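Just so you know, ligand 1 is whichever comes first in the structure, and atom 1 is the first atom listed for that ligand. The shown structure was predicted, so the numbers you read here are calculated from the model rather than taken from an experiment. Every heavy atom of this structure was used, including side-chain atoms; hydrogens, water molecules and symmetry mates were not. When a residue number appears, it is its place in the shown sequence, counting from 1.
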Amino acid sequence: MEPRWYTEAVIYSLDVETFADSTGDGCGDIRGLIGRLDYLSRLGITCLWLAPIHPSPGGDDGYDVTDFYGVDPRLGTMGDFTELLHRAANLGIKVILDLVVNHTSDEHPWFQAAVSSRESPYRDWYVWSDEEPADRFEGMVFPGEQSETWTWHEQAGAWYYHRFYDFQPDLDVANPAVREEILKIAAFWLHLGVAGFRIDAVPFIIELTEAGNSNSPKDFPFITDLRQHCQWRRGDAMLLAEANVEPADLVRYFGDEGGSNNRLHMLFDFMLNGRVVLALAREDPEPVIDALRDTPKLPAGGQWATFLRNHDEIDLSRLTAEQRAEVFERFGPDPDMHLYDRGIRRRLAPMLAGDRRRIELAYSLQFTLRGTPVLRYGDEIGMGEDLSLPGRNAIRTPMQWSAEPNAGFSSAAAKKLVRPVISGGEFGYETVNVDAQRHDPASLLSWFERMIRTLRESPEVGVGSCAHVDAVLPDGVLAHRADGDTGTMLFLHNLADRPCTVDLSMLAEEAERPDWVFADRTYPPVNGLDQLELAGYGYRWIRLKRRAA
Ligand code: GLC
């Protein structure tokens with residue numbers, strides 16, 4: 001199959017409000033982001049995923065929308081947004097938006113109308129029950145912050161369903177009017193020029209909620225409809241979804257039983273994420289090898305999106321209780337670092353004790369494993385977290401641009417900032433910032449630039465197949481390969497702190513003038529692949545062969 005843009009992409013995720021403030025009001029905005037596109041272009045990313053930009057009371061950081069057709073005035077105007085699309089396109093950067101249509105804000109006019117009267121045309125846009133549902137206390141996504149999924153609404157005189165917070169009533173996708181509206185929302189933004197969507201909470205969008213049934217049926221054909229609709233309106237539109245479900249259920253999100261990719265193009269690989277974090281904690285690649293072995297085969301065109309950190313907690317719910325405990329012990333020793341009984345609310349750099357070798361190792365691993373890498377803003381400079389902020393806000397602090405006041409994020413008074421910048425200590429903006437790293441060839445930022453550039457020369461990773469190389473290797477070492485029409489890449493990662501020598505002469509016959517193209521340091525030439533040196537926490541990218549595509 002001809003490579004599609006999303007298989008060769010590097011996606012960068014950011015929230016406009018914490019990226020760059022151009023007006024000095026303390027809140028990041030679209031014009032601020034436009035002013036930083038040059039930075040993103042130099043970093044080498046090809047696609048921007050913006051957290052929700054719509055008007056919102058901000059109860060769930062924008063994931064509670066009051067108008068799906070607008071831009072939050074705090075962030076700018078619709079004009080600013082189209083300008084962003086234009087400027088980004090000039091630099092070869094696509095923009096995708098979060099499509100948050102499982103629910104609305106309870107302040108959305110649709111919900112307001114729905115609660116005002118049983119006769120309202122919007123009443124059936126939401127999910128109601130006259131009786132208290134038996135599953136009222138089941139299925140909470142935010143345990144500790146959310147106590148039920150059905151809440152009594154006084155004015156409506158009924159119970160309404162909300163998978164997430166109580167101010168996020170679920171839309172009823174069984175209602176044809178709701179389905180039509182969702183398609184209209186997607187089409188609206190595609191017409192403006194977005195390249196696709198990161199779709200929030202897909203398993204819950206398609207839930208045909210029945211009061212009292214905590215395992216309500218799912219409407220997969222709706223995803224097929226959404227895909228058809230988007231693709232008809234914009235041929236190369238891409239749908240990337242959040243669907244943290246059981247491995248056996250994953251494939252249905254990519255396509256129907258016919259075996260073609262007629263639903264979502266990409267899913268975040270939550271399975272792999274948990275396993276990579278476990279492997280890093282244990283300094284043992286076994287969990288990653290398991291993940292590669294267990295991943296279901298995707299229909300052609302289906303692709304994984306890999307990530308180490310996103311804007312939520314690191315979700316370890318798919319690990320066993322013992323495995324989760326191991327990760328907590330290593331990376332989240334303080335209970336205050338945990339969230340929702342299942343995750344860690346920290347950035348990666350502090351989790352790895354700011355150890356440059358392990359940070360590089362982790363990202364080299366993520367970016368070379370099969371799929372399209374997604375990078376969270378600030379991770380390219382090794383930003384830290386602020387555990388004094390509640391919940392997930394710990395990792396949603398403003399981007400650290402410079403050692404100027406407010407990290408160069410905003411000229412407002414510090415107390416007016418949308419969120420405080422991280423100041424002081426190992427990860428404070430005085431030490432960790434773009435300015436300091438930009439001109440330093442030895443910085444983490446420069447490393448990311450080189451790494452992403454080298455990935456551009458290794459399209460096999462995104463486009464081709466990925467397999468674990470089954471050989472006897474020193475403890476802690478993972479060897480994997482990527483094969484595609486353009487050739488073969490071999491990758492070595494040493495998850496342990498012991499230097500070693502790897503013998504992969506079994507691959508020598510396939511190799512044509514093999515050469516290492518990226519590594520943690522300068523290594524001797526590759527020659528016969530039988531004496532491949534590897535430093536503690538070292539990694540090497542070796543081109544085995546190149547073919548004209
Ligand atoms: C998704 C988002 C999360 C949000 C939730 C509700 O899980 O990633 O940030 O709170 O949906 O919209």
Side-chain angles (χ1 to χ4, degrees), residues 11-18 49-68 72 96-108 110-111 126-127 139-146 148-149 151 160-171 173 182 185 197-207 209 239-245 253 264 266-271 273-274 305-318 339-347 374-377 385 389-397 418-419:
I11 302 178
Y12 188 88
S13 101
L14 66 84
D15 189 346
V16 173
E17 72 172 9
T18 50
W49 153 31
L50 304 184
I53 58 168
H54 311 300
S56 160
D60 183 13
D61 211 12
Y63 285 88
D64 45 337
V65 174
T66 50
D67 174 11
F68 291 101
D72 191 325
I96 64 172
L97 287 185
D98 233 295
L99 185 65
V100 191
V101 290
N102 172 66
H103 46 263
T104 67
S105 160
D106 60 352
E107 293 179 29
H108 194 294
W110 301 337
F111 191 67
Y126 295 87
V127 184
M140 279 89 69
V141 175
F142 302 129
E145 295 179 7
Q146 184 192 0
E148 55 186 11
T149 48
T151 295
Y160 69 95
Y161 180 68
H162 54 91
R163 175 59 79 160
F164 298 92
Y165 294 113
D166 60 2
F167 53 81
Q168 291 167 313
D170 272 43
L171 286 164
V173 78
I182 294 175
I185 293 164
F197 302 97
R198 178 265 187 193
I199 313 181
D200 193 56
V202 171
F204 302 136
I205 296 179
I206 59 172
E207 196 170 40
T209 311
L239 305 179
L240 158 63
E242 179 198 36
N244 189 354
V245 298
Y253 287 83
L264 303 162
M266 291 212 279
L267 286 193
F268 288 105
D269 197 343
F270 283 93
M271 250 350 249
N273 177 243
T306 65
F307 60 101
L308 290 178
R309 287 303 284 115
N310 60 18
H311 62 297
D312 293 325
E313 77 286 2
I314 300 186
D315 187 339
L316 303 170
S317 57
R318 304 219 168 264
L339 200 60
Y340 311 136
D341 306 324
R342 61 168 181 245
I344 298 185
R345 56 183 203 114
R346 304 187 72 191
R347 285 261 194 180
V374 182
L375 179 67
R376 173 93 177 130
Y377 82 91
E385 71 266 348
L389 297 176
R392 293 169 289 167
N393 282 356
I395 52 142
R396 297 174 175 181
T397 59
V418 61
R419 223 159 273 144

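Looking at Asp61 and Arg396, a side-chain N of the basic residue comes within less than 4.0 Å of a carboxylate O on the acidic one, giving a salt bridge.
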* **Chi angles and distances behind the ring-ring contact (aromatic ring centres under 6.0 Å, His included) call for Phe268, Trp49** => CA-CA 13 Å; Phe268 288 105; Trp49 153 31; 5.5 Å; yes
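Residues with a heavy atom under 4.0 Å from ligand 1: Asp60, Tyr63, His103, Phe142, Phe164, Arg198, Asp200, Glu242, His311, Asp312, Arg392, Arg396.
Just one of Asn102, Thr151, Asp170, Asp106 meets the side-chain hydrogen bond (donor to acceptor under 3.5 Å, both in side chains) condition when paired with His162; it is Thr151.
The aromatic ring centres of His103 and Tyr165 sit 6.0 Å or more apart. Taking the six-membered ring where the residue is Trp, the centroids of Tyr160 and Phe111 are separated by under 6.0 Å.
In this view, Ser56 and Asp64 satisfy the side-chain hydrogen bond (donor to acceptor under 3.5 Å, both in side chains) rule, not counting sequence neighbours.
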